[in-house]
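See below for the structure under consideration.
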Amino acid sequence: MAQDTNFYPSQNVSVWYQKETAVGVQPDDAALKKMQATSFTIPEYGVPLEFSSARSGQFVTTAGQGHHSEGTKMWTFDTSMRGTADALLLATESVFESSANPGILQNTYSFPTASYKNASGSSPGTYDIRFEDAGSDATHNNHVLNGCIATGFTIGQDIGSEGGEMTCTINWDTGYAPNTVVADGSNDADDAITSPAYDTGVPYNIRSLTAASSEIEAGNDMVIQSWELSASRTIERVHYKDTTAGVFAPFGYAMTGGFEVTGSMTVIRNDDVHDLMANFRNSTTVDINLTDGTLVIALDKCLLNEPSIDTGGAVLTNTIPFTVVGADDISSATTMLSITRS
């Protein structure tokens, strides 16, 4: 039998996304939007292979001991893109279900379980992610992932990288098998994006930051060389609702533990850094703000971690790590992270 000659150049792959109308159910193509993706990982179809224990007196593994463990796997992948307003909206909406402007995370956040139950149409929080031209079949040439739930994002800017443009990486999980082999027969991975939309936004740039408003605590206007902010959570699948071969869709998702929101800022070592010395030891929160007039990132309560001094450049710099925390009083909602985009 002759070898198949189809192949897919990696540079041809494009990444598309849309909100699902029911959890884990592939919607039509009406709302698909193309990311300004710069890198990504693609999870392959397949589940773990497990082996039962060998019998006493047995010295080889037999075929009957092998079992593919359907109904237990979470497929994980990442998408990195240029840091536009659309990218920031996707980050906040997918990670803490905030589609408003500003996108906010509050100290009273509670995981919306109803939005993550299998086939639920109650404000579903999951996404359809498609990797166009990443399939293996000559006809089903897209790699489609449904029921995608974001577990975290990282955004940042660096004066010495990407021309100063913001970058945005989102981490994804799904308990639904990649739809490349058309396992359940109801959907396909055909190249059928019929009504495409595009992220045409311009990435935010570190050189546009407003010096007088980008600060750690009021009055400390930092000379910023780079910064990074990450929000992450742990998501687990809940069992499986059926035993259809190749499907084994979960009952839904559960969030275990709380959000971890951390970041760091690298700044020129000067008198503004000196003014923060007490905050490196006194367990007192500071507010951190970054803005360029169109982008506003407000972190109202942050605890500073151990800073470091970098001696490798023309001048000394400090890298100041921090953790964003919520207000102790949870009787009313208080914003701990706010990202305004325009």
Side-chain angles (χ1 to χ4, degrees), residues 83 88 91-92 102-107 153-168 203-232 258-330 332-342:
L88 290 180
T92 60
I104 61 174
L105 176 63
Q106 295 181 318
N107 64 327
F153 68 76
T154 299
I155 59 175
Q157 295 174 320
D158 189 326
I159 203 166
S161 178
E162 299 291 332
E165 289 182 353
M166 178 183 287
T167 59
C168 175
Y204 300 101
N205 198 293
I206 194 171
R207 290 176 174 83
S208 298
L209 288 179
T210 306
S213 303
S214 298
E215 55 192 6
I216 300 179
E217 198 67 342
N220 295 318
D221 305 329
M222 315 308 291
V223 184
I224 301 172
Q225 305 301 288
S226 66
W227 64 268
E228 183 176 273
L229 177 68
S230 298
S232 64
F259 271 104
E260 182 177 349
V261 184
T262 59
S264 66
M265 188 182 294
T266 297
V267 301
I268 289 180
R269 182 172 170 83
N270 60 17
D271 197 50
D272 285 313
V273 174
H274 179 78
D275 291 343
L276 293 171
M277 291 296 172
N279 297 106
F280 296 147
R281 60 163 181 78
N282 65 7
S283 304
T284 301
T285 61
V286 299
D287 65 314
I288 296 177
N289 296 285
L290 295 161
T291 182
D292 64 7
T294 58
L295 168 71
V296 181
I297 299 176
L299 311 173
D300 290 344
K301 291 184 180 298
C302 302
L303 289 167
L304 303 184
N305 209 328
E306 297 175 277
S308 60
I309 301 172
D310 186 350
T311 62
V315 298
L316 297 180
T317 59
N318 280 97
T319 296
I320 304 172
F322 57 84
T323 298
V324 185
V325 294
D328 290 321
D329 181 3
I330 59 173
S332 60
T334 302
T335 298
M336 56 184 288
L337 184 160
S338 172
I339 301 177
T340 303
R341 59 198 183 274
S342 60

Enter the distance from [X]:[atom1] to [Y]:[atom2] here, rounded to the nearest 0.5 Å.
{"X": "N107", "Y": "L337", "atom1": "CG", "atom2": "CG", "result": "12.5 Å"}
{"X": "E217", "Y": "T284", "atom1": "CD", "atom2": "OG1", "result": "9.5 Å"}
{"X": "M336", "Y": "F259", "atom1": "CE", "atom2": "CZ", "result": "9.0 Å"}
{"X": "M277", "Y": "L304", "atom1": "CE", "atom2": "CG", "result": "11.0 Å"}
{"X": "M166", "Y": "R341", "atom1": "CE", "atom2": "CZ", "result": "12.0 Å"}

Apply side chain to side chain donor-acceptor pair (under 3.5 Å) to [X] and list each qualifying residue two or more places apart in sequence or on a separate chain.
{"X": "D287", "answer": "N289"}
{"X": "T319", "answer": "T266"}
{"X": "E165", "answer": "R82"}
{"X": "S338", "answer": "none"}

>> Assess the residue pair E228 and T154 against the criterion (side-chain contact (heavy atoms from CB on, under 4.5 Å)); give the C-alpha distance rounded to whole Å, side-chain angles, the decisive distance to 0.1 Å, and a yes or no.
In response: CA-CA 7 Å; E228 183 176 273; T154 299; 3.5 Å; yes
Taking the side chain from [X] and the backbone from [Y], do they hold a donor-acceptor pair closer than 3.5 Å?
{"X": "N279", "Y": "T285", "value": "no"}
{"X": "T92", "Y": "L88", "value": "yes"}
{"X": "D310", "Y": "L316", "value": "no"}

>> Could you go through V261 and T323, starting from their C-alpha distance and side-chain angles, then the distance that decides it, and tell me whether this counts as side-chain contact (heavy atoms from CB on, under 4.5 Å)?
In response: CA-CA 6 Å; V261 184; T323 298; over 6 Å; no
> Around N282, counting heavy atoms of other residues, nucleotides and ligands shown, do more than 12 lie under 6.0 Å from its CG?
Replying inline: yes
>> Run the side-chain contact (heavy atoms from CB on, under 4.5 Å) test on L299 and F322 for me, step by step, so that the C-alpha distance in whole Å, both residues' side-chain angles and the decisive distance to 0.1 Å come before the verdict.
In response: CA-CA 10 Å; L299 311 173; F322 57 84; 3.7 Å; yes
> Got a sec, which pairs hit side chain to side chain donor-acceptor pair (under 3.5 Å) with one end in residues 290-302, sequence neighbours left out?
Replying inline: D292-T294
> Can you list every side chain to side chain donor-acceptor pair (under 3.5 Å) pair that touches residues 207-216, not counting sequence neighbours?
Replying inline: none
Any side-chain heavy-atom pair of [X] and [Y] under 4.5 Å:
{"X": "M265", "Y": "I224", "answer": "yes"}
{"X": "H274", "Y": "D272", "answer": "no"}
{"X": "I309", "Y": "T317", "answer": "no"}
{"X": "T167", "Y": "Q157", "answer": "no"}
{"X": "I155", "Y": "I339", "answer": "yes"}
{"X": "F280", "Y": "P307", "answer": "yes"}
{"X": "V325", "Y": "L303", "answer": "yes"}
{"X": "I216", "Y": "I320", "answer": "yes"}

>> Applying side-chain contact (heavy atoms from CB on, under 4.5 Å) to I206 and D158, what does each step give before you reach the verdict?
In response: CA-CA 7 Å; I206 194 171; D158 189 326; 5.8 Å; no
